[in-house]
Asker: 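A single structure is presented below for examination.
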There are 2 protein chains.
Amino acid sequence: MKKNTTTMSNIELDRKTERFIARCRANGLKVTPQRIAIYRGLVDTDEHPSAEMLHEKVKKVFPGISLDTVNRTLLTLSEIGAASVVEGSGDARRFDGDSEKHQHFKCVQCKRIVDFHHKAFDRIKVPVGIARRFTILSKSVYLEGICDLCRRR
Amino acid sequence: MKKNTTTMSNIELDRKTERFIARCRANGLKVTPQRIAIYRGLVDTDEHPSAEMLHEKVKKVFPGISLDTVNRTLLTLSEIGAASVVEGSGDARRFDGDSEKHQHFKCVQCKRIVDFHHKAFDRIKVPVGIARRFTILSKSVYLEGICDLCRRR
DNA sequence: TTTGTAAATAGGAGTAGCTACTATATAGTA
DNA sequence: TACTATATAGTAGCTACTCCTATTTACAAA
Ligand SMILES: [Mn+2]
Ligand SMILES: [Mn+2]
Ligand SMILES: [Zn+2]
Ligand SMILES: [Zn+2]
């Protein structure tokens with residue numbers, strides 16, 4: 001029995017692909033077979049792949065594709081809203097010596113991490129289904145965006 | 001005027017250092033001058049430094065210290081609860097092709113990212129002070145822990 | 001249909017941020 | 001003071017990008 005990693009029917013995948021192509025054109029991007037293959041590879045899984053993982057997957061239908069193309073394309077997809085980067089991932093590990101309850105905002109441009117504290121966010125309740133299935137070690141409300149310093153430029 | 005990156009008085013820093021030393025002993029860790037210097041460098045800033053940033057800082061008072069020691073020590077501090085790793089940071093960039101509102105749980109061991117959806121988490125309200133100061137591009141409730149697959153081992 | 005061109009890709013080199021390895025040094029102890 | 005498990009310095013190796021350049025291609029214009 002083979003592991004099933006797809007998440008939708010071919011009909012739905014094709015429909016999404018059509019809308020993706022329209023989105024590319026709306027954003028002035030060329031519709032290349034590589035781009036389509038990467039989009040289809042990403043949208044048809046819930047594994048939150050890295051570029052490397054997706055590269056392996058797409059190579060099966062597009063053997064010559066380069067890792068750089070996969071990386072660049074995934075960032076392009078994120079820019080036009082056809083994909084997104086999972087929160088926090090992709091940067092150097094950052095440490096915190098403050099043990100008080102607090103939350104973080106991270107600037108996607110300069111990578112600055114700013115503390116804030118909103119008491120309501122200390123008390124978020126993890127759904128029972130999740131708490132039963134996983135051992136929760138940390139729960140956080142996490143914001144990303146452009147910081148004040150980067151904005152005034 | 002020099003940029004001030006310290007966050008507390010020397011008295012408070014010394015008090016925290018004493019408690020840190022006690023915590024090391026309680027965990028059977030040797031109290032080395034490197035460890036103390038790294039702890040003090042981390043706890044006395046709110047910049048959420050990377051190992052590299054902290055290495056530069058600690059070198060000023062401890063010129064010979066190696067980057068590897070800083071890295072290892074920071075992970076050790078996290079293990080005994082004297083520090084923490086900022087949520088999500090430190091791993092390869094991960095992508096998501098699912099545009100429906102949902103939340104993520106990440107296993108700190110196998111790095112698996114699992115979707116879940118709790119409607120209440122879609123509606124979290126960013127404090128006005130933060131929303132005014134920064135341009136918020138994404139807000140998320142983010143969980144970390146040990147997943148079901150890793151736990152049964 | 002053919003042609004021109006800006007955009008995209010392949011392949012490879014370069015870089016950042018760890019991570020593993022090994023010889024040396026040292027904190028804690030007996 | 002001597003012992004030894006632990007920690008560190010220095011370095012090599014590795015992963016995940018990121019940059020560079022020559023070549024190709026999508027698509028618009030003729
Ligand atoms: Mn913080
Ligand atoms: Mn997801
Ligand atoms: Zn910024
Ligand atoms: Zn796991």
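Throughout, a chain's letter reflects where its sequence line sits, starting with A, and its residues are numbered from 1.
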Asker: Donor-acceptor pair under 3.5 Å: do we get one between A:Asp68's side chain and the base of D:dC19?
Answerer: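 For A:Asp68, whose side chain was compared with the base of D:dC19, there is a donor-acceptor pair (under 3.5 Å).
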Asker: Is any side-chain N of the basic residue among B:Lys111 and B:Asp91 closer than 4.0 Å to the acidic one's carboxylate O?
Answerer: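 The answer is yes: the pair qualifies as a salt bridge.
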Asker: With nearest nucleotide decided by heavy atoms, which residue, B:Leu29 or B:Gly64, maps closer to the 5′ end of DNA chain D?
Answerer: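 Upstream on the strand: B:Leu29.
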Asker: Inspect the contact between B:Lys59 and B:Glu56 and indicate whether a charged nitrogen and a carboxylate oxygen are less than 4.0 angstrom apart.
Answerer: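 Answer for the salt bridge query: yes.
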Asker: Rounded to the nearest Å, what distance is computed from the CG atom of residue A:Leu67 to the P atom of nucleotide D:dC20?
Answerer: 17 Å
Asker: Salt-bridged, B:Asp148 to B:Arg112, with N to O below 4.0 Å?
Answerer: yes
Asker: D:dC17 C1' sits how many Å from A:Glu56 CD, rounded?
Answerer: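 That distance rounds to 15 Å.
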Asker: For the residue pair A:Ser50 and B:Arg93, confirm or rule out a side-chain donor-acceptor distance under 3.5 Å.
Answerer: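 Side chains of A:Ser50 and B:Arg93: no pair found under 3.5 Å.
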Asker: From the list C:dA10, D:dA9, D:dC27, which nucleotide is the closest neighbour of the side chain of A:Val31?
Answerer: D:dC27
Asker: Between B:Asp91 and B:Ser66, who's closer to the 5' end of DNA chain D by nearest nucleotide?
Answerer: B:Ser66
Asker: Nearest heavy atom decides the nucleotide; on that basis, is B:Asn71 or B:Pro33 closer to the 5' end of DNA chain C?
Answerer: B:Asn71
Asker: Grab the CE-C1' distance between B:Met53 and C:dC18 for me, whole Å please.
Answerer: 16 Å
Asker: Looking only at side-chain N and O atoms, does A:Arg72 come under 4.0 Å of OP1 or OP2 in D:dC17?
Answerer: no
Asker: Take the protein atom CZ of B:Arg35 and the nucleotide atom P of C:dT26, then report the distance between them rounded to whole Å.
Answerer: 15 Å
Asker: Return no unless some side-chain N or O of B:Arg93 is found under 4.0 Å from OP1 or OP2 of D:dA16.
Answerer: no
Asker: With respect to the side chain of B:Lys30, which nucleotide from C:dC18, D:dA7, D:dT11 is positioned closest?
Answerer: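 When the side chain of B:Lys30 is considered, D:dA7 is the closest of C:dC18, D:dA7, D:dT11.
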Asker: Base, sugar-phosphate, or nothing for B:Arg94, non-hydrogen atoms under 4.0 angstrom?
Answerer: nothing
Asker: Rounded to whole Å, how long is the line connecting atom CG of A:Leu54 with atom P of D:dT15?
Answerer: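 Going from CG in A:Leu54 over to P in D:dT15 covers 19 Å.
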Asker: Distance check needed: C:dA7 P versus A:Ile80 CD1, whole Å only.
Answerer: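 The distance from CD1 of A:Ile80 to P of C:dA7 comes to 16 Å, rounded to the nearest Å.
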Asker: Measure the distance from NE2 on B:His55 to C1' on C:dT19 and round it to the nearest whole Å.
Answerer: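 Roughly 15 Å, once rounded to whole Å.
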Asker: Is there a side-chain hydrogen bond (donor to acceptor under 3.5 Å, both in side chains) between A:Glu87 and B:His104? Walk through the geometry before answering.
Answerer: CA-CA 9 Å; A:Glu87 55 267 39; B:His104 292 137; 3.1 Å; yes
Asker: Would you indicate, yes or no, if D:dT25 has its OP1 or OP2 atom less than 4.0 angstrom from a side-chain nitrogen or oxygen of A:Gln34?
Answerer: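 For D:dT25, neither OP1 nor OP2 has a side-chain N or O of A:Gln34 closer than 4.0 Å.
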Asker: How close or far is atom P of C:dA10 from atom NZ of A:Lys59, stated in whole angstroms?
Answerer: 12 Å
Asker: Ignoring backbone atoms, test whether A:Thr32 places a side-chain nitrogen or oxygen under 4.0 Å from the OP1 or OP2 oxygen of C:dT9.
Answerer: yes
